[in-house]
Amino acid sequence: MKFNVHGKTLQQQLAAVSKVVNAKNALSILDNFLLEVKDDSLMITGSDQETVMTARMEITNQGLDGKIAINAKRLMDVVKEVANFPLTFEIDENTGAVELIFPGGHFSFMGVDGAEYPQSFDTDDLSIEMTIPGDVIRSGLDYTLFAISTDTIRPMMTGVYWDFHEDDITFVGSDTHKLVRYINTAYRPERTTSFILPGKPAGILRSLIGKDTEFVRIKKDDKSAIFSFGDFRLGCRFVKGNYPNYNRVIPQDNPNELTVDRQVLLAAMRRVSLFASKASSLVKMSMADNVVTLQSQDLDYSTKADERIGCSYEGSPISIGFNSVYMLEVLNNLPGEQIIVKLSDPGRPGLFMPFEQKENENVVMLQMPMQVIE
């Protein structure tokens with residue numbers, strides 16, 4: 001097996017596929033990339049058993065088709081040093097010997113029989129097929145990924161929930177402390193289905209879908225899916241279980257409404273949170289007479305802070321406590337200059353949304369309140 005490729009292009013594709021490869025694997029073969037030559041294409045595959053990713057790139061094939069597994073870290077380190085050169089790979093599949101030739105020198109190292117690498121997902125077994133605009137998926141993951149949980153005690157919350165309806169697609173992320181629901185009506189699935197995409201492949205998918213990604217093709221069944229776009233193919237298994245009814249936790253009757261500049265509130269929250277208790281991160285928000293007051297204190301260190309900012313407020317005077325860490329995440333990820341905060345009472349969640357929703361989009365972020373002891 002012999003082929004020519006440019007180092008920079010190879011480095012870029014290896015970097016993309018490396019997002020799947022774990023630092024430590026139960027199966028030692030998964031420490032490797034699988035390189036497979038077919039005609040004038042090189043397919044680079046990485047896997048962690050649950051998620052498989054393949055990147056395709058064009059090469060000049062000077063030999064027979066074949067495949068070999070090469071240690072991922074070694075190959076990335078080597079290619080990084082010769083990325084600016086045209087490269088020639090000469091591979092003996094019988095012995096696993098790899099010769100990497102570049103202008104003025106060459107590297108010699110060993111690979112592993114490619115036949116030992118686990119089989120990829122089989123698209124023939126996936127019964128449902130959809131083609132979704134890339135910007136719809138990119139926006140859905142942009143808004144929801146930060147909100148998913150890292151706690152494996154509730155595995156359903158460790159992924160992004162994709163909920164397809166006849167007239168829209170809804171993305172949901174939650175860790176039980178905060179929840180984000182993003183609805184896009186520009187894409188009409190004309191079917192009802194759903195799945196929970198694990199956080200790792202969701203993050204990889206978001207990082208690879210660029211503004212030039214026109215469409216993403218999805219083939220799925222009840223347990224797994226393959227996402228195909230550009231030169232990439234990402235296959236993964238879904239999180240098992242039923243996602244909670246997200247609409248049920250979003251309060252519908254919220255008579256108190258605050259309209260405020262997002263950056264002003266964000267900056268004030270950053271300052272006041274510096275003096276919040278390290279154990280609770282509690283910041284109290286009090287709204288009345290078109291003023292919102294932020295207060296925090298840490299009794300252990302005898303510190304406290306308060307700050308008042310102007311706003312537009314309609315409703316009864318109300319004070320409610322929020323975790324400042326989660327609040328900063330919400331404010332950082334909300335779009336728009338002006339935002340609306342809807343409240344009902346101090347014991348119910350607060351709703352955060354942009355003052356002006358984009359066309360065909362609806363974004364709602366929810367944060368659970370904390371008890372305020374006067």
Side-chain angles (χ1 to χ4, degrees), residues 127-148 156-157 159-174 178-197 199 201-203 205-222 225-230 234 238-239 242-254 257 259 262 329-342 349-367:
S127 56
I128 297 176
E129 185 172 340
M130 297 174 284
T131 301
I132 304 176
D135 60 345
V136 172
I137 296 177
R138 186 173 64 249
S139 296
L141 295 178
D142 271 345
Y143 285 123
T144 56
L145 261 174
F146 84 93
I148 67 174
M156 290 84 70
M157 315 305 288
V160 175
Y161 185 54
W162 301 45
D163 196 9
F164 295 83
H165 307 106
E166 291 287 332
D167 298 326
D168 70 72
I169 176 173
T170 300
F171 295 81
V172 183
S174 176
K178 57 185 179 293
L179 179 146
V180 180
R181 184 193 67 188
Y182 169 79
I183 302 174
N184 191 297
T185 57
Y187 171 68
R188 298 168 59 90
E190 298 181 352
R191 70 168 72 237
T192 301
T193 187
S194 62
F195 58 82
I196 307 172
L197 185 65
L205 192 62
R206 172 59 196 95
S207 69
L208 295 177
I209 295 179
K211 293 183 178 180
D212 57 342
T213 304
E214 191 172 359
F215 292 102
V216 176
R217 182 186 176 198
I218 302 177
K219 295 191 72 174
K220 67 173 285 289
D221 59 13
D222 293 335
I226 292 177
F227 302 82
S228 302
F229 53 99
L234 180 69
F238 299 143
V239 178
N242 297 318
Y243 204 81
N245 187 334
Y246 55 88
N247 285 317
R248 186 177 297 175
V249 301
I250 300 177
Q252 299 302 311
D253 183 18
N254 303 283
E257 186 172 302
T259 303
R262 182 179 66 87
E329 288 181 326
V330 167
L331 294 176
N332 271 312
N333 286 277
L334 263 176
E337 297 180 1
Q338 297 280 319
I339 63 169
I340 295 174
V341 182
K342 293 186 177 183
L351 299 184
F352 299 76
M353 58 196 71
F355 182 75
E356 293 183 354
Q357 299 278 6
K358 295 180 182 179
E359 185 178 1
N360 298 316
E361 294 185 350
N362 182 273
V363 181
V364 173
M365 299 189 182
L366 172 150
Q367 186 170 348

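Under the rule for a side-chain hydrogen bond (donor to acceptor under 3.5 Å, both in side chains), Tyr243 has no partner lying at least two apart in sequence or in another chain. By the ring pair (Phe, Tyr, Trp, His ring centres under 6.0 Å) test, Tyr187 is found to be paired with no residue, residues two or more places apart in sequence or in another chain being considered. Partners of Ser228 under the side-chain hydrogen bond (donor to acceptor under 3.5 Å, both in side chains) rule, at least two apart in sequence or in another chain, do not exist in this structure.
In this structure, a donor-acceptor pair under 3.5 Å is absent between the side chains of Ser127 and Lys219.
At least one side-chain heavy atom of Phe146 sits under 4.5 Å from a side-chain heavy atom of Val180. Using a 4.5 Å heavy-atom cutoff, the side chains of Phe238 and Lys220 are in contact. Under the 4.5 Å side-chain criterion, counting only non-hydrogen atoms from C-beta, Ile218 is not in contact with Ile226. Using a 4.5 Å heavy-atom cutoff, the side chains of Ile340 and Pro354 are not in contact. Residues Trp162 and Leu197 are in side-chain contact: their nearest non-hydrogen atoms beyond the backbone lie under 4.5 Å apart. A heavy-atom distance below 4.5 Å is not found between the side chains of Phe195 and Asp163. Counting heavy atoms from C-beta on, the side chains of Met365 and Leu179 never come closer than 4.5 Å. Put simply, the side chain of Met353 does not reach to within 4.5 Å of the side chain of Val363, judged on heavy atoms.
Counting heavy atoms of neighbouring residues, nucleotides and ligands inside a 6.0 Å radius, atom CG of Asp222 does not exceed 12 of them. Summarising the local packing, CG of Asn242 is surrounded by 12 or fewer heavy atoms from other residues, nucleotides or ligands at distances under 6.0 Å. Summarising the local packing, CD of Glu129 is surrounded by more than 12 heavy atoms from other residues, nucleotides or ligands at distances under 6.0 Å.
The residues Glu337 and Arg262 are annotated as not salt-bridged, no charged nitrogen and carboxylate oxygen being separated by less than 4.0 angstrom. Comment: Arg191 does not engage Glu166 in a salt bridge, judged by the lack of any side-chain N to carboxylate O separation of less than 4.0 angstrom. Between Asp168 and Arg188 there is no salt bridge, since none of the side-chain N atoms of the basic residue sits less than 4.0 Å from a carboxylate O of the acidic one.
The heavy-atom pair separating Tyr246 from Tyr161 by the smallest distance is CE2-CE2, 3.7 Å. Heavy-atom minimum distance, Asn247 versus Gln252: O-NE2, 4.3 Å. Here the closest heavy-atom approach between residue Phe171 and residue Thr144 is recorded as O-CG2, 3.6 Å. Summarising the geometry of Ile250 relative to Leu366, their closest heavy-atom pair is CA-CD1, 3.9 Å, with the distance given to 0.1 Å. For the residue pair Asp167 and Pro189, the shortest heavy atom distance occurs at C-CD, 4.2 Å. Of all non-hydrogen atoms in Leu351 and Pro251, the two that sit nearest each other are CD1-O, 3.5 Å.
Gln357 contributes no side-chain N or O that, together with a main-chain N or O of Phe355, makes up a donor-acceptor pair within less than 3.5 Å. Between the side chain of Thr213 and the main chain of Gly210, a donor-acceptor pair closer than 3.5 Å is present. At least one donor-acceptor pair closer than 3.5 Å links the side chain of Arg206 to the backbone N or O of Ile209.
To the nearest 0.5 Å, atoms OG (Ser194) and NE2 (His165) are separated by 8.0 Å.
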Please assess Val160 against Ile148 for the test side-chain contact (heavy atoms from CB on, under 4.5 Å), listing each intermediate value before the final yes or no.
-> CA-CA 7 Å; Val160 175; Ile148 67 174; 3.8 Å; yes

